[in-house]
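Proteins get letters first, then strands, A, B, ... in listed order; numbering begins at 1 in each.
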2 protein chains.
Amino acid sequence: MSVRSPQNPPDGPARLDPGGTANGLRSDARENRERILRAAREAYAAQGIDVPLTTIARRAGVGIATLYRRFPTRAALMAEVFGEQLAQCTAELHKALQDPDPWNGFRSFVEKVGAMQTTDRGLTSALLSHFPDAAGHDHGHIEELLARLVQRAKDAGKLRADFHLGDIALVLLANCGVIGGAGDDAPAASRRLVAYLLQSFQADHGTPLPRPAPLELRRVYAPSAS
Amino acid sequence: MSVRSPQNPPDGPARLDPGGTANGLRSDARENRERILRAAREAYAAQGIDVPLTTIARRAGVGIATLYRRFPTRAALMAEVFGEQLAQCTAELHKALQDPDPWNGFRSFVEKVGAMQTTDRGLTSALLSHFPDAAGHDHGHIEELLARLVQRAKDAGKLRADFHLGDIALVLLANCGVIGGAGDDAPAASRRLVAYLLQSFQADHGTPLPRPAPLELRRVYAPSAS
DNA sequence: GGCCAACCGGAGAGCTTCTTCCATTTCTCC
DNA sequence: GGAGAAATGGAAGAAGCTCTCCGGTTGGCC
């Protein structure tokens, strides 16, 4: 994301920093903060969201206390990291909406996000979780874009009419399960799952479906619940 | 590991106990063993395979040491519990093979197992894991029956020819992900996922698929890997 | 150059879970 | 009913993780 204006006007009286946390820090602190975020991003991608905080701190080359000082809760850190991931998804979404072929845009978006999940084990959480303090990146926006993408494909007659927005979450969760369980075969397995699902999503499959699950893309992050 | 062989028959000539462990125990020990298995089954179903051993012991009304004496490793306990689950699956499989309509047998089996996963969070592990000491219940048998079920449906022209046995594992893993992430909506979400997938599995969908992942139903249980 | 608030890292308390050890109790056989 | 092997439960050690406290360090401003 790197939204944060790098140079803060030295005399600016008004405290800007809409993200909320990065400015006003001493230079060494700001540097460490970036290092922590980078390390967290890598660690989440590699090991999933359950990676111990000590691991992230070590990876960043800072003490655990520094990490805690900068991000008082686990959720605060995740919010920051996943904000960047969400931005990436939003970018993909915009790209998909610009595809002249609505179905192709939809299909390639689902495939793309599926592939991103394979690379980054934290992405699913990013998409399915709602971090109250993830300022700046609002889920609502993603959801709205997604709804447009879906509607566009339906209007073109290529996406089945009974497709539900929650089915996107279904894909993400299903793919997450496959990736988690398939070990080294994860990329191939994930591609195949997505291909299967996309075939079912096409409009020419008349068979009726069970009622959609009321899955929300947006889901409260509950650290205790696993 | 200090396995002080607890039951050494004084002179017993024929060692029966094909399951491997239950006979030759004192009556109270055998009773406790059953209690532990029952508690473990319930705990796994309710909380998944990560449930602490102390929880199982408490639930069984025995001390933790008793659990350890009977099942030296976590895997040993799981092997025993999941052996029962596998037996249940095998029964379903037989039932499906007896369905006069091959596709209907296939479909109902997949739906049934999907529903069982919703009820029992340990079942996926049971099906995807291979416990070296799960004597008595052999995965090979299940796999063979499954292969017959698949082939039968293919021969009837209802299941797509490029369906791969590993796609069954794909369904299980995907469903597992959905169940784990969907919270209270798990049953509905799972049903919908399975319905989507089953539609794609039907033979009249000509679109080619990515190459199948070499997923094996049988998978070495690796406690360290999550 | 020197001050001092901001910042740092590591030690350690507190918690959960796994695993082993051992004094005590219980069952079985005679 | 008594001897002794088998079995028991709980304490305790080990390990991993989260989070806090505190003495020492450093960047930024005069």
Side-chain angles (χ1 to χ4, degrees), chain A residues 7-13 15 17 21-37 39-40 43-44 47-78 221-226, chain B residues 1-12 17 21-37 39-40 43-44 47-78 221-226:
Chain A
Q7 68 283 43
N8 203 17
D11 54 341
R15 197 123 217 48
D17 191 13
T21 44
N23 294 339
L25 291 180
R26 227 168 64 176
S27 66
D28 53 345
R30 191 159 47 234
E31 157 79 8
N32 277 340
R33 188 174 192 279
E34 289 307 317
R35 293 241 294 261
I36 291 169
L37 283 176
Y44 286 151
Q47 303 178 241
I49 58 170
D50 285 335
V51 59
L53 294 178
T54 49
T55 302
I56 296 178
R58 194 168 350 104
R59 196 163 189 152
V62 305
I64 183 64
T66 301
L67 191 155
Y68 269 94
R69 195 170 311 106
R70 221 40 74 206
F71 303 97
T73 68
R74 188 185 202 89
L77 176 58
M78 294 175 73
Y221 171 62
S224 60
S226 176
Chain B
M1 57 175 67
S2 73
V3 177
R4 58 224 208 157
S5 54
Q7 74 292 36
N8 211 11
D11 55 345
D17 191 11
T21 43
N23 293 339
L25 291 180
R26 228 168 63 176
S27 65
D28 53 344
R30 192 160 45 236
E31 157 79 9
N32 277 339
R33 189 172 191 280
E34 289 308 315
R35 293 240 296 259
I36 291 169
L37 284 175
Y44 285 151
Q47 303 178 240
I49 58 170
D50 285 336
V51 59
L53 294 178
T54 48
T55 302
I56 296 177
R58 196 170 347 106
R59 197 163 189 153
V62 305
I64 182 65
T66 301
L67 191 155
Y68 268 94
R69 194 169 314 103
R70 222 38 77 205
F71 304 97
T73 69
R74 189 185 202 89
L77 176 58
M78 294 176 73
Y221 171 63
S224 62
S226 177

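- Here the closest heavy-atom approach between residue B:Ile49 and residue B:Arg74 is recorded as O-NH2, 3.2 Å.
- Between B:Arg70 atom CZ and D:dG9 atom P there is a gap of 11 Å when expressed in whole angstrom units.
- Between A:Phe71 atom CZ and C:dC7 atom P there is a gap of 13 Å when expressed in whole angstrom units.
- Looking at heavy atoms from C-beta onward, B:Arg33 lies in side-chain contact with B:Phe71 at the 4.5 angstrom threshold.
- For A:Ile64 and C:dC7, the CD1 to P distance is 18 Å, given to the nearest whole Å.
- What you find for B:Leu25 and B:Arg70 is that their closest heavy atoms are CD2-NH1, 3.5 Å.
- Residues passing the side-chain contact (heavy atoms from CB on, under 4.5 Å) test with A:Ala43, sequence neighbours excluded: A:Val51, A:Ile56, A:Arg59.
- Summarising the geometry, the separation between CD1 on A:Ile56 and P on D:dC17 is reported as 12 Å, rounded to the nearest angstrom.
- Set against C:dG9, D:dT8, C:dC7, the side chain of A:Ala29 has C:dC7 as its closest nucleotide.
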Output a table of nitrogen or oxygen pairs between the protein and nucleotides 13-18 of chain C separated by less than 3.5 Å.
| from | atom 1 | to | atom 2 | distance (Å) |
| --- | --- | --- | --- | --- |
| C:dC18 | OP1 | B:Arg74 | NH1 | 2.7 |
| C:dC18 | OP2 | B:Leu53 | N | 2.9 |

Does the protein touch nucleotides 22-30 of chain D at the base, only the backbone, or not at all? Give it as B, S and - per nucleotide, heavy atoms under 4.0 Å.
----BSS--

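- Summarising the geometry of A:Leu53 relative to A:Tyr68, their closest heavy-atom pair is CD1-OH, 3.2 Å, with the distance given to 0.1 Å.
- In this structure B:Arg26 satisfies the salt bridge (charged side-chain N to carboxylate O under 4.0 Å, His left out) test together with B:Asp28, sequence neighbours excluded.
- The phosphate of D:dA7 (OP1 or OP2) has no side-chain N or O of B:Asn32 nearer than 4.0 angstrom.
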Should B:Leu67 and B:Asn32 be marked as a side-chain contact (heavy atoms from CB on, under 4.5 Å) after you check the CA-CA gap, both sets of side-chain angles, and the distance that decides it?
CA-CA 9 Å; B:Leu67 191 155; B:Asn32 277 339; over 6 Å; no

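- Look at A:Arg58 and you won't find any side-chain N or O under 4.0 angstrom from OP1 or OP2 of C:dG9.
- By the 4.0 Å N-to-carboxylate-O rule, B:Arg30 lies too far from B:Glu34 to be salt-bridged with it.
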